[in-house]
Amino acid sequence: MALHAQTRSLQQRGSSRAFSQSCRPPSRVNLSRCRVGTMERAIQEEQYISHTPVSLLRAGIDTEDTMRAKFEKVIRDAQDSICKAIEDVDGKKFHQDAWTRADGGGGISRVLQDGNVWEKAGVNVSVVYGSMPPEAYRAATGNTELLKNKGDIGRVPFFAAGISSVMHPRNPHCPTMHFNYRYFETEEWNGIPGQWWFGGGTDITPSYIDEEDLKHFHGVYKQVCDRHDPTYYEKFKKWCDEYFLIKHRGERRGLGGIFFDDLNDKEPETILKFSTDAVNHVAEAYCPIIRKHMNDSFTAEEKQWQQLRRGRYVEFNLVYDRGTTFGLKTGGRIESILMSMPLTASWLYDNRPAPGSREADLLDACRNPRNWV
């Protein structure tokens, strides 16, 4: 897709596709980790621990003045606050697992399954570092020619940290929501300078259009963007619409939000402030919509439509999501890779919504992105 065509050579910038959408909520209580963990899955297994570490960073190396430490604090705080907001709505607590990896770092996975409001919701944090083989970097970036024919170039030293979530509500009038915010570094390597970049976004996937809901959701993120750069919202909204395209159907997974990648065109502190503002507005953008609709009545036909739209969600993640396809190609742990899958979904043969119906309206918006604010 067009987004992937923007990948540049490592000599220019590298690519945060190496750490993208897939910090995913798990499908059962044996939780695992997000995409940076999947990237190393073919190299080693994680070790589960009985306590939550104060920090996943390296003592004496990643000091509190480094961007690594600052970003870890942002995502750990966000995990706590977002989980609290979801628990306040649902009435059920998240289950938590923590893990470490021998080469360095680890993660904290939280899942709420079979809740009162959400069938499945997860909010995961991962902070990992070490080195990966060039073929893993090529697979992660989607550029199979990257650094080929350069002889023995060794392993790429990297650091990756992120928070990500997918939330699938029960009621078909409540939208699914996904967010992911991440920071990635490579160290100086074979004469190539070290690189750094930020990526992320928040997007919404409703089964039915409620224009006021979409104005609220997109309006929150337009305000976030406008506080930091007046060009951000239009650019990142378009990027989101392009990224979540299911090409074989010609329709988007949902109704968008914001998405950005490879962001290092400003001072890192400046981008950190934007990323922090964005992740800290997930609950404000999403929870009022859920509270509004979680007790709405619905028909069996509306529930079936939700299942069909979840099927589209599955199709995107299995066919186009870079983290999922990378994990499957490198023999990763299936339960970890497929954490974003809903508990239930459906596929009906040649389903065509009736012209003029609410279902047809949603499908048109997925095929022809609209401006909501």
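Because only heavy atoms are used, hydrogens play no part in the values below, and waters and symmetry mates are left out as well, while side chains stay in.
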Do Lys120 and Met167 have side chains that get closer than 4.5 Å, going by heavy atoms?
no
Between Ser275 and Phe260, is there a side-chain heavy-atom distance shorter than 4.5 Å?
yes
Checking side-chain polar atoms at under 3.5 Å, does His293 have a donor or acceptor matched by the opposite partner on Asp213?
yes
Is the distance between the ring centroids of Phe274 and Tyr232 under 6.0 Å?
yes
Heavy-atom pair with the smallest gap, counting every atom of Arg310 and Ala345
CB-CB, 3.9 Å
Using side-chain heavy atoms (C-beta onward) and a distance below 4.5 Å, is Trp305 in contact with Ser346?
no
Does the ring center of Tyr320 lie less than 6.0 Å from the ring center of His248?
yes
With Asn171, which residues qualify under side-chain hydrogen bond (donor to acceptor under 3.5 Å, both in side chains), at least two apart?
none
Give a yes or no on whether Ile49 and Val111 share a hydrophobic cluster (residues Ile, Leu, Val, Met, Phe, Trp, Tyr; joining criterion: side-chain heavy atoms under 4.5 Å apart).
no
Straight-line distance of Arg182 CZ to Ser164 OG, nearest 0.5 Å:
8.0 Å
Who are the side-chain hydrogen bond (donor to acceptor under 3.5 Å, both in side chains) partners of Glu211, not counting sequence neighbours?
none
NZ/Lys235: more than 12 non-hydrogen atoms of other groups inside 6.0 Å
yes
Treating Ile, Leu, Val, Met, Phe, Trp and Tyr as nodes and any side-chain heavy-atom pair under 4.5 angstrom as an edge, say whether Leu308 and Phe298 lie in one connected cluster.
no
Under 30°, 30 to 60°, or over 60°: which ring-plane class applies to Phe259 and Tyr243, parallel, tilted or perpendicular?
parallel
With a cut-off of 6.0 Å (strictly less than), are more than 12 heavy atoms of other residues, nucleotides or ligands near NZ of Lys266?
yes
Salt bridge or not between Asp65 and Lys70? Use side-chain N to carboxylate O under 4.0 Å.
no
Side-chain heavy atoms of Ser165 within contact of Asn180, under 4.5 Å
no
What's the verdict on ring pair (Phe, Tyr, Trp, His ring centres under 6.0 Å) for Tyr286 and Phe217, showing C-alpha distance, side-chain angles and the deciding distance?
CA-CA 7 Å; Tyr286 183 53; Phe217 182 86; 7.5 Å; no
Quick test of your reading of the model: are Asp241 and Arg252 salt-bridged, counting only N-O distances below 4.0 Å?
no
Is the distance between the ring centroids of Tyr129 and Phe158 under 6.0 Å?
no
Looking at Pro53 and Ala98, what are the two nearest heavy atoms and their distance?
CD-CB, 4.2 Å
Scanning both residues in full, the closest heavy-atom pair of His218 with Leu255 reads NE2-O, 3.0 Å
Going by the rule side chain to side chain contact (heavy atoms under 4.5 Å, CB included), which residues pair with Thr66 if we only count those two or more places apart in sequence or in a different chain?
Asp62, Thr63, Arg68, Ala69
So which of Glu359, Arg358, His173 actually passes side-chain hydrogen bond (donor to acceptor under 3.5 Å, both in side chains) with Tyr208?
Glu359
Asp80/Lys84 ion pair, N-O < 4.0 Å
no
For the pair Gln113 and Trp118, evaluate side-chain hydrogen bond (donor to acceptor under 3.5 Å, both in side chains) and give the outcome as yes or no after the intermediate values.
CA-CA 7 Å; Gln113 187 162 290; Trp118 283 273; over 6 Å; no
Tell me whether the rings of Tyr183 and Phe198 are parallel (<30°), tilted (30 to 60°) or perpendicular (>60°).
tilted
Test item: Asp203 side-chain N/O and Gly257 main-chain N/O as donor-acceptor pair under 3.5 Å
no
Going by the rule salt bridge (charged side-chain N to carboxylate O under 4.0 Å, His left out), which residues pair with Glu302 if we only count those two or more places apart in sequence or in a different chain?
none
For a 4.5 angstrom cut-off between non-hydrogen side-chain atoms, does Met177 reach Val282?
yes
Looking at every heavy atom in both Tyr221 and Ala285, which two are closest together, and how far apart are they?
CE1-CB, 3.6 Å
Looking at every heavy atom in both Ala78 and Asn280, which two are closest together, and how far apart are they?
CB-OD1, 4.2 Å
Could you measure the distance from the CG atom of Asn351 to the CD atom of Gln304? Nearest 0.5 Å is fine.
8.0 Å
Salt bridge (Lys or Arg N to Asp or Glu O under 4.0 Å) between Asp361 and Arg370, worked out:
CA-CA 11 Å; Asp361 188 36; Arg370 302 175 186 176; 2.7 Å; yes
Under the criterion salt bridge (Lys or Arg N to Asp or Glu O under 4.0 Å), I'd like the reasoning laid out for Glu315 against Lys247: C-alpha separation, chi angles, the key distance, then a yes or no.
CA-CA 10 Å; Glu315 287 180 30; Lys247 291 191 291 186; over 6 Å; no
Cluster check Leu245, Leu363: I/L/V/M/F/W/Y, side chain < 4.5 angstrom
no
Output, in order, the C-alpha distance, side-chain angles, deciding distance and verdict of salt bridge (Lys or Arg N to Asp or Glu O under 4.0 Å) for Lys303 and Glu119.
CA-CA 13 Å; Lys303 186 65 178 179; Glu119 287 186 5; 3.4 Å; yes
Please check if any side-chain donor atom of Asp364 sits under 3.5 Å from a side-chain acceptor atom of Asn368, or the reverse.
yes
Evaluate side-chain hydrogen bond (donor to acceptor under 3.5 Å, both in side chains) for Tyr181 paired with Thr276, printing each intermediate quantity in order.
CA-CA 9 Å; Tyr181 292 91; Thr276 302; over 6 Å; no
Only counting residues at least two apart or in another chain, list the ones meeting side-chain hydrogen bond (donor to acceptor under 3.5 Å, both in side chains) with Arg170.
none
For the residue pair Ser109 and Asn124, what are the closest heavy atoms and their distance?
CA-OD1, 3.3 Å
Would you call Asp350 and Arg352 a salt bridge, using N to O less than 4.0 angstrom?
yes
For the residue pair Tyr313 and His168, categorise the inter-ring angle as parallel (less than 30°), tilted (30 to 60°) or perpendicular (more than 60°).
perpendicular
Answer yes if Phe159 and Ile61 sit in the same cluster of Ile, Leu, Val, Met, Phe, Trp and Tyr residues linked by side chain heavy atoms under 4.5 Å apart, and no otherwise.
no
Taking Glu87 first and then Lys92, would you say they form a salt bridge - that is, a charged N and a carboxylate O separated by under 4.0 Å?
no
The reported gap from CD1 in Ile108 to OG in Ser126 (rounded to nearest 0.5 angstrom) is 9.5 Å
Do Trp347 and Met341 share a hydrophobic cluster, counting only Ile, Leu, Val, Met, Phe, Trp and Tyr and linking them when any side-chain heavy atoms are less than 4.5 Å apart?
yes
Between CG of Leu348 and CD of Gln307, what distance do you get to the nearest 0.5 Å?
10.0 Å
Is the terminal nitrogen or CZ of Arg110 (NZ for Lys, CZ for Arg) located under 6.0 angstrom from the six-membered ring centre of Phe94 and within 45° of that ring's axis?
no
Answer yes when Lys238 and Glu242 have at least one side-chain N-carboxylate O distance shorter than 4.0 Å, and no when they do not.
yes
Excluding sequence neighbours, so at least two apart, what forms salt bridge (charged side-chain N to carboxylate O under 4.0 Å, His left out) with Arg291?
none
Say you draw a straight line from CG of Leu214 to CG of Asn371; how long is it, rounded to the nearest 0.5 Å?
12.0 Å
Quick check on Lys292: does its NZ atom have over 12 non-hydrogen neighbours (other residues, nucleotides or ligands) under 6.0 Å away?
yes
